[in-house]
Amino acid sequence: MATMRILAFLSILSNLLLLVLGHVVGKPNANGLTIKLIHRDSPASPLYPGNTTFIERIQRLVNQSKARAAGAGYLSVHPNEAIRAPIAIQAKSIYMVRLGIGTFNATFPARPFKAYHLHMDTGSSVTWTQCQDCALPGNRCFPCSEPPFPNRLSTTYRPLPCNVHPLCIPHQCIGDSCSYQSRYLDGAYTIGILASEAFTFLSASGRPQTIPNIVFGCSIDTADMHYGGNDNQVNGIFGLGWGIRSFVNQIQNLSHGTFSYCLKFNDGHALDTYLRFGGDIPQPTTVLQTTKLVQFKSSQAYFIELLGISINGTRLDINPELFSLQFDGSGGCAIDSGTTFTTIIKSAYDVVIRKLLLYFSGFPNMTRTRIFESCFDLCYERSVPEGFRDLPGMTFHLRNAELEVAPQGTFVVNQLDSGEEVFCLAIVGGDHVTLLGAYQQTNQKFIYDITRKQLQFAPEDCAQNA
Ligand SMILES: *[C@@H]1O[C@H](CO)[C@@H](O)[C@H](O)[C@H]1NC(C)=O
Ligand SMILES: *[C@@H]1O[C@H](CO)[C@@H](O)[C@H](O)[C@H]1NC(C)=O
Ligand SMILES: *[C@@H]1O[C@H](CO)[C@@H](O)[C@H](O)[C@H]1NC(C)=O
Ligand SMILES: *[C@@H]1O[C@H](CO)[C@@H](O)[C@H](O)[C@H]1NC(C)=O
Ligand SMILES: *[C@@H]1O[C@H](CO)[C@@H](O)[C@H](O)[C@H]1NC(C)=O
Ligand SMILES: *[C@@H]1O[C@H](CO)[C@@H](O)[C@H](O)[C@H]1NC(C)=O
């Protein structure tokens with residue numbers, strides 16, 4: 001609990017810092033950018049659930065993973081190809097960023113920008129938040145914990161004129177301004193003005209870094225938006241997908257088309273980490289492996305070529321076709337830090353389960369249990385706590401690369417009050433798509449190079465890589 005209080009205090013402190021430093025003119029790092037990634041369940045998050053039990057924490061994350069995988073089914077192409085706007089996943093990402101938008105004539109202690117939490121999403125490209133014009137006649141606002149962005153008061157707000165700017169889709173306009181729309185599988189949508197604005201980030205060094213002229217969606221009309229909590233404490237999306245409007249593409253001078261992260265996850269407590277761009281990506285201490293990042297039709301997600309899976313070094317008999325993209329937009333395997341637990345398409349997932357049943361049948365002191373069956377399909381109990389001892393790791397065989405996932409990224413282990421210990425395979429079965437989630441990505445440094453279309457990774461102690 002003491003740790004929690006310290007963490008909560010630190011989060012207040014960092015917000016204060018953002019407040020104070022917002023008034024200092026930050027000298028931008030000319031060659032990189034670092035943004036804090038806030039885990040949904042961490043004390044720094046507006047969605048922090050407070051004191052929860054292990055099972056509550058895990059259940060929330062399992063539900064999130066399943067919802068996201070369900071939303072990602074057929075995310076690649078809408079069955080109706082006539083709808084050119086990519087269909088995205090509305091299920092909320094587990095990481096968010098806090099950033100400042102706009103420039104206001106404010107007297108201290110008011111800030112010269114408005115601060116918002118946005119979901120970090122590698123599955124979509126447009127960054128958007130709700131603007132005050134949603135209240136104009138004919139438009140629709142959705143309830144948000146923060147007042148809509150007062151675009152009319154910001155001195156750096158510039159709507160993009162219709163058909164001129166390279167980030168505009170020709171003839172997609174509202175009045176004289178070009179517009180964006182993001183539609184989600186569940187029927188939800190956001191429509192608004194595409195505008196350029198100054199974005200301010202509190203860098204790791206504590207200096208705010210203001211980046212001018214970021215093109216974002218100023219949402220003025222929405223339906224069925226549910227963005228975290230009952231009152232939407234998260235106010236939109238921070239898009240990091242493939243598209244030209246993606247934040248990583250817009251800051252080419254700083255990012256050179258690259259970003260990286262190193263995720264840590266400890267006993268069901270996910271911790272905050274950093275998203276780094278360009279020159280801020282530290283040199284890895286070990287040799288990087290490289291696999292292709294695959295772009296599929298209008299999808300903004302980062303697909304990778306998954307060819308097979310091994311458990312304890314034995315390759316499973318799975319037809320690689322199960323992981324490949326289908327013409328109708330189903331299937332495929334995407335790397336998705338917005339999902340907690342990896343989802344494996346059901347027919348391949350069943351092979352994994354059968355192999356593990358066989359593996360654990362060799363251990364008479366492990367007994368199958370249904371105690372966490374609302375979360376995971378395969379759990380065992382043992383009378384003496386042994387942590388990850390005797391639990392196998394898993395290998396994801398990718399094109400030209402092997403992602404070795406340690407037992408710590410394959411299972412969750414929990415000691416019960418009775419003294420017994422339960423461990424479960426931390427992977428769920430899915431219907432449409434395979435998503436490599438954050439839990440299986442822990443303690444690896446991942447570097448996305450979207451210009452070269454490659455993903456590099458190497459094992460790393462992410463706790464040291466804060
Ligand atoms: C947190 O939960 C644990 C276990 O349920 C309990 O023992 C502890 O008193 C709780 N702490 C607070 C501050 O509520
Ligand atoms: C998780 O989903 C199940 C089934 O949809 C639901 O009954 C349960 O309340 C959810 N739990 C949490 C913690 O979200
Ligand atoms: C900013 O606000 C101050 C105090 O309210 C005012 O004196 C000043 O003229 C304003 N500047 C601009 C550019 O609006
Ligand atoms: C990026 O760099 C190019 C070439 O150095 C320069 O012309 C351009 O203005 C820069 N763009 C931004 C947004 O700084
Ligand atoms: C796991 O692999 C190791 C190394 O190949 C082997 O010695 C061990 O017997 C395997 N464990 C099981 C349970 O198959
Ligand atoms: C459980 O069984 C394995 C394999 O038979 C053995 O190596 C391990 O020591 C056993 N653990 C306990 C606590 O008996």
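Under 3.5 Å, the side chains of Thr434 and Tyr349 contain no donor-acceptor pair of N or O atoms. Between the side chains of Asp280 and Tyr274, not a single donor N or O lies within less than 3.5 Å of an accepting N or O. Side-chain contact of Thr210 with Thr200: a donor-acceptor pair under 3.5 Å is present, judged by distance alone. Checked by atom type, the side-chain pair Gln454/Thr290 shows no donor-acceptor distance below 3.5 Å. His256 and Asp449 share no donor-acceptor pair across their side chains, judged by distance under 3.5 Å alone. Using modelled atom types, one finds a donor on one side chain and an acceptor on the other under 3.5 Å when comparing Glu197 with Thr156. Looking only at atom types and distance, the side chain of Ser374 has a donor-acceptor partner in the side chain of Gln59 under 3.5 Å away.
Of the listed residues (Asn235, Thr190, Asp133), just one forms a side chain to side chain donor-acceptor pair (under 3.5 Å) with Ser219, and that residue is Thr190.
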Criterion disulfide bond (SG atoms under 2.5 Å apart) on Cys375 and Cys424, from CA distance to verdict
CA-CA 9 Å; Cys375 296; Cys424 303; over 6 Å; no
For ring-ring contact (aromatic ring centres under 6.0 Å, His included), just list the numbers for Phe259 and Phe247, CA-CA rounded to whole Å, side-chain angles, deciding distance to a tenth of an Å, and then say yes or no.
CA-CA 10 Å; Phe259 64 91; Phe247 184 75; 10.0 Å; no
Could you give me the CA-CA distance, side-chain angles and deciding distance for Cys168 and Cys173, then say whether disulfide bond (SG atoms under 2.5 Å apart) is met?
CA-CA 9 Å; Cys168 288; Cys173 302; over 6 Å; no
Check step by step if ring-ring contact (aromatic ring centres under 6.0 Å, His included) holds for Tyr261 and Tyr448.
CA-CA 9 Å; Tyr261 55 71; Tyr448 294 65; 5.6 Å; yes
CA sep, side-chain torsions, deciding dist, call: Cys178, Cys162, disulfide bond (SG atoms under 2.5 Å apart):
CA-CA 4 Å; Cys178 63; Cys162 205; over 6 Å; no
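Judged purely by atom type and a 3.5 angstrom limit, Asn400 has no side-chain atom pairing as donor or acceptor with the backbone of Thr291. With Gln441 contributing its side chain and Leu263 its backbone, the two residues share no donor-acceptor pair below 3.5 Å. The main-chain N or O of Ala223 is never found under 3.5 Å from a side-chain atom of Arg140 such that the two would form a donor-acceptor pair. A donor-acceptor pair under 3.5 Å is absent between the side-chain atoms of Gln440 and the main chain of Val405, judged by distance alone.
Other residues, nucleotides and ligands place no more than 12 heavy atoms under 6.0 Å from the CG atom of Asp176.
Looking at heavy atoms from C-beta onward, Ile309 lies in side-chain contact with Met394 at the 4.5 angstrom threshold. Annotation: side chain of Val248 is in contact with side chain of Ile450 (closest heavy-atom distance under 4.5 Å). Between His117 and Glu146 the shortest side-chain heavy-atom distance does not fall below 4.5 Å. For the pair Leu306/Leu398, a side-chain contact is recorded, criterion being any heavy-atom separation below 4.5 Å from C-beta on. Using a 4.5 Å heavy-atom threshold, the side chains of Phe104 and Ser154 count as touching. With a 4.5 Å cut-off on side-chain heavy atoms, Ile35 and Leu99 do not count as touching. Using a 4.5 Å heavy-atom cutoff, the side chains of Pro459 and Glu404 are not in contact. Taking 4.5 Å as the limit, some side-chain heavy atom of Leu167 sits within range of a side-chain heavy atom of Gln250.
In this structure, CG on Leu194 lies 11.5 Å from CD on Gln181, to the nearest 0.5 angstrom. Distance check: Ile427 CD1 to Thr410 OG1 gives 6.5 Å after rounding to the nearest 0.5 Å. Between Ser260 atom OG and Arg276 atom CZ the span is 6.5 Å, to the nearest 0.5 Å. The CD1 atom of Ile281 sits 8.5 Å away from atom OG of Ser255, with the distance rounded to the nearest 0.5 Å. Taken to the nearest 0.5 Å, the CD1 atom of Ile335 stands 7.5 Å off from the CG atom of Leu403. Put simply, CG on Leu47 and CG on Asp41 are 8.0 Å apart, with the number rounded to the nearest 0.5 Å.
Across the pair Cys218 and Cys131, the gap between the SG atoms, which is the quantity tested here, stays under 2.5 Å.
Among all heavy-atom pairs drawn from Val412 and Ala426, the shortest one is CG1-CB, 3.9 Å. Across every non-hydrogen atom of Ser246 and Gly241, the tightest pair is OG-O, 2.8 Å. For the residue pair Phe149 and Ile101, the shortest heavy atom distance occurs at CE1-O, 3.3 Å. Heavy-atom minimum distance, Ile237 versus Leu118: O-CD1, 3.7 Å. In terms of heavy atoms, Arg40 sits closest to Gln64 at NH1-CG, 3.7 Å. In terms of heavy-atom proximity, Leu288 sits nearest to Ala458 at CD2-CB, 3.7 Å.
Salt bridge present: Arg68 and Asp336 bring a charged side-chain N and a carboxylate O closer than 4.0 Å. Between Glu460 and Lys445, none of the side-chain N atoms (NZ, or NE/NH1/NH2) sits under 4.0 Å from a carboxylate O, so this pair counts as no salt bridge.
Annotation: His39 is in aromatic contact with Tyr95 [ring centroid separation under 6.0 Å].
A perpendicular orientation is assigned to the rings of Phe296 and Phe303, their planes being inclined by more than 60° (bins at 30° and 60°).
For Arg158, there are no salt bridge (charged side-chain N to carboxylate O under 4.0 Å, His left out) partners two or more places apart in sequence or in a different chain.
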